[in-house]
Amino acid sequence: MSKIVIGQYIPGNSILHQLDPRAKLLFVFFFFFLIFLANNTATYLVLYLFVITIILLSQIRLSLFLRSIKPVLFIILFTVILHLILTKGGEALFVTPLFTIYEEGVRQAIFIASRFLILVVMASLLTFTTSSLDLTDALEILMGPLRKVRVPVHELALMMSIALRFIPTLWEETEKIMNAQLARGANLDSGNIFKRLVAYIPIFIPLFLSSFRRAEELAMAMEARAYRGGVGRTKYRMLQYTYKDYFLIVIFLILVLVIGWLRV
Amino acid sequence: MATEISLENVWFHYYPQTESREKWAIQGVDLIFQQGEYVSIIGSNGSGKSSLACLINGLFIPTNGNLVINGQHIEDDQGRWELKQRIGMVFQNPDNQIVAPSVLDDVAFGLENLGVAREEMQKRIPHVLELVGLSGLEKKEPHHLSGGQKQRLAIAGVLAMQPDVLIFDESTSMLDPDGRHHILQLMRKLHLSGKTIIHITHQATEAFLADRLVVLNKGKVMLDQNREALYANSAQLTNWGLDVPISIELHQNLLAKGWNLSHRIENEEQLVSEIWTYM
């Protein structure tokens with residue numbers, strides 16, 4: 001469980017932890033668009049500088065960010081190779097009978113890898129510094145206007161919150177089932193991918209069954225505590241913007257201006 | 001506020017339209033629970049205990065018969081929803097009744113559903129957390145709590161709603177001895193504060209902590225007696241596949257053999273002490 005880093009919250013008291021989750025969510029959302037505005041070395045350098053600064057401000061170990069990049073490393077490498085081989089333009093740097101690597105190909109490969117890296121690091125920063133509960137609260141509030149077009153915003157946020165609440169429980173359950181099957185001689189780690197998938201069926205079936213049972217019991221427990229949807233509910237947790245959140249808007253606007261000025 | 005619960009000739013079937021009409025989970029149950037009572041509903045597996053608990057709480061709707069609260073028939077959804085505030089229910093598996101990712105938010109869940117104002121929640125939540133002994137753990141995630149702590153959290157979530165009646169549906173069965181002891185102590189404490197306690201269990205030892213015992217078998221009430229009356233005739237529990245607590249059985253046997261002991265013992269410690277004195 002501890003190996004999974006994506007989506008994990010790292011408790012702390014840094015300035016990033018103190019920001020309102022809505023502000024962080026909106027910032028990251030618009031920042032993703034900003035990344036796509038960058039198109040030259042100067043703009044990417046500004047973005048890198050910004051990301052390094054906020055990593056330092058978050059007071060979170062660098063190794064955690066590196067671990068969060070690991071799952072997408074394959075996609076990054078694949079995209080880099082495609083750009084190196086397929087993008088033409090500029091001076092030919094490396095010529096082989098099968099393909100030629102051009103100057104523009106190298107440039108595009110570096111830029112696309114940078115885009116991916118910055119995207120993943122920013123997404124990780126959001127989850128590292130924001131608890132799941134804060135994130136769902138922020139989503140519920142930000143998606144509030146969609147209620148007018150009958151989107152069940154509260155129900156969606158609650159589903160997300162319950163899903164996050166049950167990840168550790170289901171993980172423990174999976175481990176228990178795996179141990180039980182291993183004790184009976186199940187072989188989960190040998191053979192090709194298809195054999196392994198088949199070997200995992202005795203894990204998945206009891207896991208699904210127990211999850212459905214849990215869901216039913218949870219629904220009854222929620223009903224017993226007077227749950228009947230979002231109508232008439234009050235909220236215990238209140239989110240409040242502070243001057244730090246307004247400062248974040250200012251930083252974003254400065255970034256937009258700088259990137260806009262530097263881009264070709 | 002007092003809550004008197006009355007079940008009038010209640011019948012319940014899980015699938016009344018599709019399955020055999022003979023498979024009734026509850027068959028013609030008539031019971032009254034007065035405010036402040038401590039009642040144990042005891043029965044073997046499949047005797048209908050949990051179905052009865054869900055009927056009392058309004059989670060299930062009687063197939064036939066009536067649920068009457070303070071003289072008023074509960075018939076519509078609004079009535080059943082209002083019932084949830086008066087009658088709280090704690091389930092068997094603590095893991096499957098905790099909704100929120102933190103202790104504080106889970107206690108607030110029921111209050112949010114009832115539309116309680118935030119200022120009122122701020123008063124109630126610390127109070128109930130202190131009552132169940134979870135003060136200081138407000139920010140903890142549920143999976144970091146022990147089984148007993150999780151069950152106390154579930155109780156706190158229900159208590160915050162300020163119900164008159166608390167139903168414990170085998171709430172001690174998944175706990176270790178220490179956790180069980182804490183929950184049973186809490187039940188007694190809540191009873192002494194004036195709450196009605198309905199404890200569903202198949203453990204005779206726990207059932208005898210109540211003042212009144214109701215024995216269920218195949219959905220029917222076989223026995224409804226106060227503890228003293230059942231104590232003298234506890235052997236009859238075996239007729240319905242239930243155990244007699246060993247301390248009570250031993251005490252009865254020693255009395256029958258002419259030992260000069262008290263006519264009633266409260267717990268194992270008292271029995272040991274009396275045997276020690278007698279010898």
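So you know, we letter chains A, B, ... as the sequences are listed, proteins then strands, and number each from 1. Quick caveat: nothing in here was measured; it's all calculated off a predicted structure.
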**Student:** Take the angle between the ring planes of Trp24(B) and His13(B) and call it parallel below 30°, perpendicular above 60°, tilted in between.
**Tutor:**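 Rings of Trp24(B) and His13(B): perpendicular, over 60°.
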**Student:** Using a strict 4.0 Å threshold on nitrogen-to-oxygen distance, state whether Glu140(A) and Arg147(A) make a salt bridge.
**Tutor:**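 A salt bridge is present here (some side-chain N lies under 4.0 Å from a carboxylate O).
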**Student:** Looking at Arg86(B) and Glu82(B), is there a salt bridge between them, counting it only when a charged N and a carboxylate O are closer than 4.0 Å?
**Tutor:**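 No, this pair does not count.
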**Student:** Passes side-chain contact (heavy atoms from CB on, under 4.5 Å), Ile5(B) versus Leu67(B)? Steps please.
**Tutor:** CA-CA 7 Å; Ile5(B) 304 163; Leu67(B) 171 64; 3.9 Å; yes
**Student:** Which bit of Phe91(B) comes within less than 4.5 Å of chain A, counting heavy atoms only: side chain, backbone, both or neither?
**Tutor:**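 Side chain only.
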**Student:** If you count heavy-atom pairs within less than 4.5 Å of chain A, which of Leu114(B), Leu104(B), Asn93(B) leads?
**Tutor:**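 That would be Leu104(B).
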**Student:** Counting only non-hydrogen atoms closer than 4.5 Å, does Asp95(B) touch chain A with its backbone (N, CA, C, O), its side chain (CB onward), both, or neither?
**Tutor:**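 When you check distances to chain A, atoms from both the backbone and side chain of Asp95(B) fall under 4.5 Å.
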**Student:** Count the heavy-atom pairs under 4.5 Å between each of Arg237(A), Met238(A), Arg165(A) and chain B, then report the option with the highest count.
**Tutor:**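 Top option by heavy-atom pairs under 4.5 Å: Arg165(A).
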**Student:** May I ask you to name which of Pro101(B), Gly110(B), Gly88(B), Gly58(B) has the most heavy-atom pairs under 4.5 Å with chain A?
**Tutor:**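 Most heavy-atom pairs under 4.5 Å with chain A: Pro101(B).
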**Student:** For the candidates Ala224(A), Ser132(A), Ala219(A), which exhibits the highest count of non-hydrogen atom pairs separated by less than 4.5 Å from chain B?
**Tutor:**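 The residue among Ala224(A), Ser132(A), Ala219(A) with the greatest pair count is Ala224(A).
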**Student:** Looking at Asp106(B) and Lys150(B), is any side-chain nitrogen of the basic one under 4.0 Å from a carboxylate oxygen of the acidic one?
**Tutor:**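 Salt bridge between Lys150(B) and Asp106(B), a charged N being under 4.0 Å from a carboxylate O: no.
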**Student:** Check this for me: Glu155(A), atom CD, are more than 12 non-hydrogen atoms of other residues, nucleotides or ligands nearer than 6.0 Å?
**Tutor:**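 Enclosed: over 12 neighbouring heavy atoms sit under 6.0 Å from CD of Glu155(A).
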**Student:** Between chain A and each of Gln122(B), Arg118(B), Glu141(B), count heavy-atom pairs under 4.5 Å; write down the option with the most.
**Tutor:**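 Ranked by heavy-atom pairs under 4.5 Å with chain A, first place is Arg118(B).
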**Student:** Do we see a donor-acceptor contact under 3.5 Å between the side chains of Gln203(B) and Glu170(B)?
**Tutor:**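 There is no such pair (donor and acceptor under 3.5 Å, judged by atom type) between the side chains of Gln203(B) and Glu170(B).
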**Student:** Any non-hydrogen side-chain atom of Gln149(B) less than 4.5 Å from a side-chain atom of Lys140(B)?
**Tutor:**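 No, their side chains stay 4.5 Å or more apart.
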**Student:** For the candidates Met121(B), Gln92(B), Gln97(B), Met89(B), which exhibits the highest count of non-hydrogen atom pairs separated by less than 4.5 Å from chain A?
**Tutor:**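 It is Met121(B).
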**Student:** Can the ring centroids of Phe12(B) and Tyr14(B) be said to lie less than 6.0 angstrom from one another?
**Tutor:**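 Yes: the rings meet the under 6.0 Å criterion.
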**Student:** Would you mind telling me which of Val90(B), Asn57(B), Val99(B), Asp77(B) has the largest number of heavy-atom pairs within less than 4.5 Å of chain A?
**Tutor:**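 Of the options given, most contacts go to Val99(B).
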**Student:** Name the option with the most non-hydrogen atom pairs under 4.5 Å to chain B; the candidates are Ala226(A), Ala221(A), Ala215(A).
**Tutor:**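 So the answer, after comparing Ala226(A), Ala221(A), Ala215(A), is Ala226(A).
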**Student:** Looking only at heavy atoms and a cut-off of under 4.5 Å, which of Arg228(A), Glu223(A), Lys235(A) has the most pairs with chain B?
**Tutor:**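 Among the listed options, the one with the most contacts to chain B is Arg228(A).
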**Student:** Need one label for Ala100(B): side chain, backbone, both or neither, based on atoms under 4.5 Å from any heavy atom in chain A.
**Tutor:**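 Only the backbone of Ala100(B) comes within 4.5 Å of chain A.
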**Student:** Is Ser161(A) close to chain B through its backbone or its side chain, or both, or neither, when contacts mean heavy atoms under 4.5 Å?
**Tutor:**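 The answer is both parts of Ser161(A).
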**Student:** Which atoms of Leu111(B) come close to chain A, meaning under 4.5 Å heavy atom to heavy atom: side chain ones, backbone ones, both, or neither?
**Tutor:**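 For Leu111(B), backbone heavy atoms alone lie under 4.5 Å from chain A.
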